[in-house]
Protein chains: 2
Amino acid sequence: MSTEDGARLGLRERKKRETRAMLSWAAVRLTVERGFDRVRVEDIAEAAGVSPRTFNNYFSSKAEAIVARHLDRTLRVAEMLRGRPASEPLWESIAHAARAQFEPPPEAVAHPVTDRRQWIAGVQLMVAEPAMQGEFLRAGALAEAEIAAAVAERTGTDVNRDLYPHLVAAAVTAAGNVAMQHWLRIGPPAEMEQLLSEALAQFAAGLPTP
Amino acid sequence: MSTEDGARLGLRERKKRETRAMLSWAAVRLTVERGFDRVRVEDIAEAAGVSPRTFNNYFSSKAEAIVARHLDRTLRVAEMLRGRPASEPLWESIAHAARAQFEPPPEAVAHPVTDRRQWIAGVQLMVAEPAMQGEFLRAGALAEAEIAAAVAERTGTDVNRDLYPHLVAAAVTAAGNVAMQHWLRIGPPAEMEQLLSEALAQFAAGLPTP
DNA sequence: AACAAAGTTGCGGACTGTGCATATTTGCAT
DNA sequence: ATGCAAATATGCACAGTCCGCAACTTTGTT
């Protein structure tokens with residue numbers, strides 16, 4: 001779906017996607033600026049130019065709206081993994097695919113952050129919110145199921161019978177999460193992609209004691 | 001705290017613990033019997049013999065009450081890990097400690113399930129609930145932070161600087177989750193502990209392709 | 001026994017999330 | 001261009017959740 005040409009989508013579908021993106025972006029921006037508890041569904045809907053009821057047509061909760069872009073990005077990891085050459089070693093494919101989640105989203109390009117340090121501080125507060133953590137992890141689990149399916153396809157295993165694809169998918173998800181948490185803790189100049197590669201390498205090596 | 005002698009606790013503290021356990025157990029039981037959306041906070045409070053406002057003094061949400069026992073059990077993994085002999089190889093310690101989460105809780109012993117198949121079906125529905133998944137994973141993340149701290153202690157690494165303890169903790173959490181999901185999917189005669197051991201062994205081996 | 005600290009409870013209010021019906025927009029066929 | 005169907009937006013009402021606050025009850029200390 002995400003690779004479909006916009007020219008082939010009707011107006012209806014295009015408007016749906018735009019509305020979804022606007023709601024999600026508004027949710028992220030307001031939450032980072034003000035804090036989770038200071039943003040109501042009504043505020044998000046207003047910022048996106050729709051009614052609160054419409055917000056609920058798209059998302060069941062505020063946290064779900066905030067996490068939507070993250071979900072999109074992590075689902076793309078499964079998609080990218082499916083697109084890697086079949087002959088490529090699994091962990092090499094994974095390393096390439098996993099990077100997809102850290103590419104800058106369109107909104108970040110369209111709305112450059114003027115105060116980067118403040119933005120990061122806001123993000124840190126946002127991810128520390130219990131409801132956000134739950135939703136964030138739940139999105140990760142959804143993507144993980146897709147990654148497991150992709151791993152099963154590549155390795156000839158069965159998601160309904162074997163632990164393996166699930167364990168690999170869990171490792172990929174964990175690597176991404178640990179890299180991001182580490183980055184939020186340490187901040188620049190650490191690079192997200194480098195942290196991710198390191199984490200994946202440690203999993204592939206069997207997590208030997210340093 | 002959990003190892004403290006009950007005789008040393010005041011009435012106040014004892015009653016708090018009992019109330020918490022009653023609320024949590026009532027939440028689990030009613031939800032498994034009726035389904036998540038058919039149980040209100042008021043029902044749980046009534047079943048435990050307290051007011052709804054008191055329920056909220058203990059738990060912020062229904063899901064949190066349901067997941068409380070799981071949180072207790074997974075936190076015990078970190079505790080058990082801290083108690084293993086320092087000379088023991090890390091993954092061996094982990095394998096022993098991780099089993100703690102699958103010991104039958106007191107209530108399960110006190111209230112034997114009469115229809116095991118129906119109970120499992122109810123649990124399956126319960127864990128499929130989105131709010132439950134988020135809370136379940138969030139509890140896992142809390143325990144994971146404790147496990148990471150315990151791993152750091154054993155290996156002389158630093159949770160604020162190194163990825164390693166976090167990655168190991170994530171592997172432990174993932175192994176537990178994957179084992180449980182597999183068990184819920186497959187059911188008896190698969191044994192939870194065996195699945196867990198297998199999952200941990202795969203992580204320690206670097207997740208080689210089968 | 002008197003008093004302080006901790007915990008329970010009732011109440012009110014803001015907010016969430018959902019079902020339902022109506023209004024509006026888009027797509028399709030003629 | 002027009003009429004109609006399908007999809008989407010919106011307003012409304014309501015049950016339920018969660019929290020601040022104050023009054024009451026229970027436990028602990030002196």
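Throughout, protein chains are lettered first and strands after them, A, B, ... in sequence-line order, and every chain is numbered starting at 1.
Between B/Lys16 atom NZ and C/dA5 atom C1' the separation is 12 Å, expressed in whole Å. Rounded to an integer number of Å, the gap from A/Glu18 CD to D/dT8 C1' is 14 Å. Rounded to whole Å, atom P of C/dG17 lies 13 Å from atom CD of B/Glu129. Atoms CZ (B/Arg20) and P (C/dG7) sit 14 Å apart, rounded to a whole Å.
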> How far apart are the C-alpha atoms of A/Lys16 and A/Tyr58, what are their side-chain angles, what is the distance that settles it, and do they pass the side chain to side chain contact (heavy atoms under 4.5 Å, CB included) test?
Replying inline: CA-CA 9 Å; A/Lys16 269 186 67 176; A/Tyr58 284 86; 3.8 Å; yes

Note to self: Run the salt bridge (Lys or Arg N to Asp or Glu O under 4.0 Å) test on B/Arg138 and B/Glu135 for me, step by step, so that the C-alpha distance in whole Å, both residues' side-chain angles and the decisive distance to 0.1 Å come before the verdict.
What the structure shows: CA-CA 5 Å; B/Arg138 199 178 69 83; B/Glu135 194 64 27; 2.9 Å; yes

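Using a 4.0 Å cut-off, no side-chain N or O of A/Thr54 falls inside it from OP1 or OP2 of D/dA9.
Residues from residues 55-68 of chain B lying near DNA chain C, meaning a heavy-atom separation below 4.0 Å, are B/Asn57, B/Tyr58 in numerical order. Contacts with DNA chain C (heavy atom under 4.0 Å) in residues 27-46 of chain A: A/Arg40, A/Val41, listed by number.
No hydrogens or angles considered: nothing links the side chains of B/Gln101 and B/Thr74 as a donor-acceptor pair under 3.5 Å.
A/Glu88 meets the salt bridge (Lys or Arg N to Asp or Glu O under 4.0 Å) test with A/Arg84; sequence neighbours excluded. Looking at residues two or more places apart in sequence or on another chain, you find a salt bridge (Lys or Arg N to Asp or Glu O under 4.0 Å) between B/Arg40 and B/Glu42, B/Asp43.
Side-chain contact between B/Val39 and B/Arg34: present, with at least one pair of heavy atoms (C-beta onward) separated by less than 4.5 Å. Contact annotation: the side chain of A/Trp25 approaches that of A/Arg69 to within less than 4.5 Å [non-hydrogen atoms, C-beta and beyond]. Between B/Asn56 and B/Arg53 there is a side-chain heavy-atom pair separated by less than 4.5 Å. Side-chain contact between B/Ile66 and B/Met126 is present, with at least one heavy-atom pair separated by less than 4.5 Å. Using a 4.5 Å heavy-atom threshold, the side chains of A/Glu129 and A/Asp37 count as touching. Contact check for B/Arg154 versus B/Leu81: side-chain heavy atoms found under the 4.5 Å cut-off.
Note that the two end axes of the helix from C/dA1-D/dT30 to C/dT30-D/dA1 enclose an angle of 30°, each drawn from 5 base pairs, rounded to 10 degrees.
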In 5'-to-3' order, the base (B), backbone-only (S) or no-contact (-) status of each nucleotide in nucleotides 19-30 of chain C, using a 4.0 angstrom heavy-atom cut-off, is BB----BBS---

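With values rounded to the nearest 0.5 angstrom, B/Phe55 atom CZ is found 6.5 Å from B/Ser61 atom OG. Taking CZ from A/Phe136 and CE from A/Met180, the interatomic distance works out to 3.0 Å, rounded to the nearest 0.5 Å.
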